[in-house]
Amino acid sequence: MLAKQVDSLLAGESNPTGQLANAAALLHEAMGWWWTGFYLVKDGELQLGPFQGPIACYRIKQGRGVCGTAWQENRTVIVPDVEQFPGHIACSSMSRSEIVVPLRNDKGEVVGVLDIDSKELATFDEEDGRWLEEIVHIIERHTVTPQNCKL
Ligand code: SME
């Protein structure tokens with residue numbers, strides 16, 4: 001249901017900042033997560049993009065934290081307990097588990113990540129990963145396709 005809502009929410013709009021902000025708002029409100037947002041690759045690092053939730057760190061280097069790992073390894077990373085993840089970047093001490101899904105361009109390169117944090121342990125499983133990847137593909141289609149590469 002959320003995937004369909006994201007699709008119709010982003011369709012026909014050409015402002016990627018607004019689209020990512022609305023996508024974060026929709027997911028965050030619907031699911032009641034602690035932090036939901038995007039980091040975008042810019043100048044060789046991940047920089048804070050549109051999000052919902054408490055304030056967050058501005059920049060993350062490749063390979064650092066969960067976001068930097070998802071970028072470096074070009075894969076979804078699920079962390080059931082952030083305290084067990086070496087190098088986790090604690091933007092908020094309330095965050096206990098998280099999932100990070102890469103956004104890719106048409107060449108398969110990572111152009112950003114969707115980062116979701118929860119106040120509960122082990123909030124995200126493989127099925128969440130599959131659905132969030134589906135949602136990220138929809139977001140990519142509306143924002144980072146070759147004809148519409150604005151991120
Ligand atoms: N949890 C992230 C850092 C970003 S904030 O949580 C919003 C990480 O370790 O990559």
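Everything numeric in this text was worked out from a predicted model, so none of it was measured. Numbering of ligands and ligand atoms starts at 1, following listing order.
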| query | Could an N or O of ligand 1 be found under 3.5 Å from any N or O of Ile89, whether backbone or side chain? | reply | yes
| task | May I ask you to check whether Phe124 and Trp131 place their ring centers less than 6.0 Å from one another? | result | no
| field | Atom indices of ligand 1 within 4.0 angstrom of Tyr39 heavy atoms, with elements | value | 4 (C), 7 (C)
| remark: Checking Asp115, Val100, Val113 against Val66 for side chain to side chain contact (heavy atoms under 4.5 Å, CB included), the one that qualifies is Val100
| Just heavy atoms, cut-off under 4.0 Å: does Val82 contact ligand 1 by side chain, backbone, both, or neither? | neither
| When only distance counts, is Cys91 in polar contact with ligand 1, meaning an N/O pair under 3.5 Å? | no
| Considering only heavy atoms, which of Asp117, Leu48, Ile116, Val113 lies nearest to atom 6 (O) of ligand 1? | Asp117
| query | For ligand 1, is there an N or O atom under 3.5 Å from any N or O atom of Glu98? | reply | yes
| Between Asp117 and Arg96, does at least one N-O distance fall below 4.0 Å, as a salt bridge requires? | no
| said: Are any of the N/O atoms on Trp35, whether in the backbone or the side chain, positioned under 3.5 angstrom from an N/O atom of ligand 1? | reply: no
| field | Phe85 near ligand 1 by a heavy-atom separation under 4.0 Å | value | no
| Do you know which of Trp35, Trp34, Phe38 makes ring-ring contact (aromatic ring centres under 6.0 Å, His included) with Phe51? | Trp35
| Can you find a pair of side-chain heavy atoms, one from Thr76 and one from Leu132, that are under 4.5 Å apart? | no
| note | The protein heavy atom nearest to atom 4 (C) of ligand 1 is Asp115 OD2, 3.3 Å
| query | Among protein heavy atoms, which lies nearest atom 8 (C) of ligand 1, and at what distance? | reply | Val66 N, 3.3 Å
| If you take all heavy atoms of Ser118 and Thr123, which pair is closest and at what distance? | OG-OG1, 2.5 Å
| query | Which ligand 1 atoms does Gly65 reach within 4.0 Å, using its non-hydrogen atoms? | reply | 9 (O), 10 (O)
| query | Any side-chain heavy-atom pair from Asp7 and His142 closer than 4.5 angstrom? | reply | yes
| message | Would you say that Val82 contacts Glu98 through its side chain, given a criterion of any heavy-atom pair below 4.5 Å between the two side chains? | response | yes
| Would you say ligand 1 has an N or O under 3.5 Å from any N or O of Cys67? | yes
